[in-house]
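Worksheet: one structure, shown below.
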Amino acid sequence: MLEELLQLQETAVEKILATKQLKVLEELRVQYLGRKSQLRQIMASLGELPADQRPKIGQAAGSTQNAIKTAISNQLKLIREVEESGSHIDVTLPGRVPISGTSHPLTKLSYELTDIFRGMGFELFDGPETEDEYHNFDALNTPQDHPARDLHDTFYLKDGGLLRTHTSTVQIRLMENQPPPIRMISLGRCYRKETVDATHHFAFHQMEGLFVDHNVSFADLKGTIEAMGRQLLGPRTQVRFRSHFFPFTEPSVEYDFSCSICSGENRECRVCKGTGWIEIAGAGMVDPAVFESVGYDPETYTGFAFGMGLERIAMIRYGIDDVRLFLENDLRFIRQFSKIQ
Ligand code: 2NL
């Protein structure tokens, strides 16, 4: 019988709190508390129960009755309030959950990289996306006849300016304005005249770093890149340097990180294509010609610089298979990153 009372109370209260009409509320009152109600019948039959059960069941019936009465009077108050306010706002409706914004995957990666380099004493600097040929090319030892300067590879503006093709321009501007030591990173959107497909885009993001002081060595570069790899992809990450050419560094390298997905053990791995290595970016010792353009004495100072594209790293990290997704602003894409840190 106790079970029956609890069940009765639950159904009655639920129905009462769901109604918004006084008429229905009155009907429910009659149904659950009226003379012919189930509750009244139980109360009337208390006398027939064995004496030792009577107090317990009696008490339970009383508490069910109280609960139903309280629910009715609360609901009555609520319905009256809504009617009196003359408002069409239904205060009994459940609240709307606000949509909260999420960071873009490239923003998340930028924050993460900035944190990693801030931890090694690098400071983040910003600069303009529209540049001049001097800061984007000449100051970076990139001669007039270099293919990157071709009309087919760079977006030139009508006023003779251009859209920056890398963030190195930020380093040049900083070095022009202050003497060594420099320990900085730059990060942002860059542009190259590229036909758009799943792996190429005319707008992409880059992060670069620069460290200039007395006696900065290639070993410092290797240690810094290795520290970044381990924080970004895990403590067992290995780094491999392959020799390369950039106009603004000498010697120059491209570097790869060991594959954090398969550790080189899966010949079919889609991320490293079975090689065990993920090609990440380039780096090198700053070319003396670059120091001369900004007025630093290359006999006194040395430095290392590195640069990497963010899209590729974000694609590996989040399993994204098409660069176009980064710039389409499709909420179905962006919302998937709300829970990824
Ligand atoms: C890459 C390679 C690189 C730099 C960028 C740099 C900047 C200054 C002086 C010297 Cl001011 N170098 N930046 C150096 C080597 C490589 O980027 O693969 N980027 C996506």
Side-chain angles (χ1 to χ4, degrees), residues 106 109-110 113 117 122-128 131-143 146 148 153-154 164-192 194 199-213 216 218 220-222 224-225 228-229 239-257 277-296 298 301-316 323:
L106 292 174
L109 182 63
S110 306
L113 283 167
F117 281 100
F122 287 75
E123 194 180 346
L124 175 67
F125 283 89
D126 207 359
E131 267 293 356
D132 49 56
E133 285 203 71
Y134 177 77
H135 286 94
N136 197 79
F137 293 126
D138 299 290
L140 284 151
N141 195 35
T142 307
H146 191 278
D153 285 329
T154 298
R164 69 178 180 192
T165 62
H166 42 211
T167 57
S168 319
T169 51
V170 182
Q171 285 90 295
I172 296 296
R173 287 179 184 282
L174 185 73
M175 288 191 283
E176 281 173 342
N177 284 319
Q178 74 182 57
I182 300 265
R183 202 186 294 186
M184 58 92 69
I185 54 170
S186 59
L187 193 159
R189 190 173 285 191
C190 306
Y191 303 84
R192 279 178 204 174
E194 207 60 90
T199 51
H200 301 86
H201 209 287
F202 60 80
F204 61 97
H205 295 74
Q206 205 189 26
M207 199 206 92
E208 289 200 25
L210 174 71
F211 185 6
V212 185
D213 206 340
V216 175
F218 199 88
D220 296 321
L221 166 66
K222 287 183 90 170
T224 306
I225 299 295
M228 167 181 69
V239 189
R240 177 174 82 169
F241 292 85
R242 288 173 285 109
S243 98
H244 195 70
F245 174 81
F246 294 112
F248 28 77
T249 45
E250 180 61 33
S252 305
V253 289
E254 277 192 324
Y255 54 88
D256 309 331
F257 290 157
W277 297 97
I278 312 169
E279 293 175 18
I280 295 286
M285 300 307 290
V286 179
D287 195 293
V290 175
F291 281 153
E292 267 162 22
S293 346
V294 296
Y296 285 6
Y301 296 107
T302 51
F304 68 73
F306 56 90
M308 60 201 161
L310 297 190
E311 277 81 355
R312 223 184 103 66
I313 301 173
M315 286 168 91
I316 292 167
V323 268

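Excluded from the calculations below are hydrogen atoms, water molecules and symmetry mates; all remaining heavy atoms, backbone and side chain alike, are included. When a ligand or atom number is given, it counts from 1 through the structure's own listing order.
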Below 30° counts as parallel, above 60° as perpendicular, anything between as tilted: where do the rings of [X] and [Y] land?
X: Phe246; Y: Phe248; answer: parallel
X: Phe306; Y: Phe122; answer: perpendicular
X: Phe211; Y: Phe304; answer: perpendicular

Please write down residue, atom name and distance for the protein heavy atom closest to [atom].
atom: atom 9 (C) of ligand 1; value: Leu140 CD2, 3.9 Å
atom: atom 6 (C) of ligand 1; value: Ala305 CB, 3.4 Å
atom: atom 18 (O) of ligand 1; value: Gly282 N, 3.4 Å
atom: atom 20 (C) of ligand 1; value: Gln206 NE2, 3.2 Å

Exercise for review: Kindly give the heavy-atom pair with the smallest separation between Met207 and Leu113, and that separation in Å.
Suggested key: SD-CB, 3.7 Å
Revision key, fill the gap. Nearest heavy-atom approach of Thr249 to Ala305 is CG2-CB, 4.4 Å
Review point. Looking at Pro181, Pro180, Pro179, Pro288, which one forms a side chain to side chain contact (heavy atoms under 4.5 Å, CB included) with Tyr301?
Key: Pro180
Point to revise | Residues Arg173 and Asp132 bridged, charged N to O under 4.0 Å | key: yes
Measure [X] to ligand 1 on non-hydrogen atoms and call it side chain, backbone, both or neither using the 4.0 Å cut-off.
X: Asp287; result: neither
X: Ala283; result: backbone
X: Phe248; result: both

Practice item. Kindly confirm or rule out an N or O of Glu208 lying under 3.5 angstrom from an N or O of ligand 1. Key: yes
Review point. Does Thr249, backbone or side chain, put an N or O under 3.5 Å from an N or O of ligand 1?
Key: no
Point to revise | Of the listed options Gln171, His166, His205, closest to atom 11 (Cl) of ligand 1 (non-hydrogen atoms) | key: Gln171
Point to revise | Residue selection (non-hydrogen contact nearest atom 17 (O) of ligand 1) among Ala289, Gly209, Gly307 | key: Gly307
**Study point:** Between His201 and Glu194, a side-chain donor and acceptor under 3.5 Å
**Key:** no
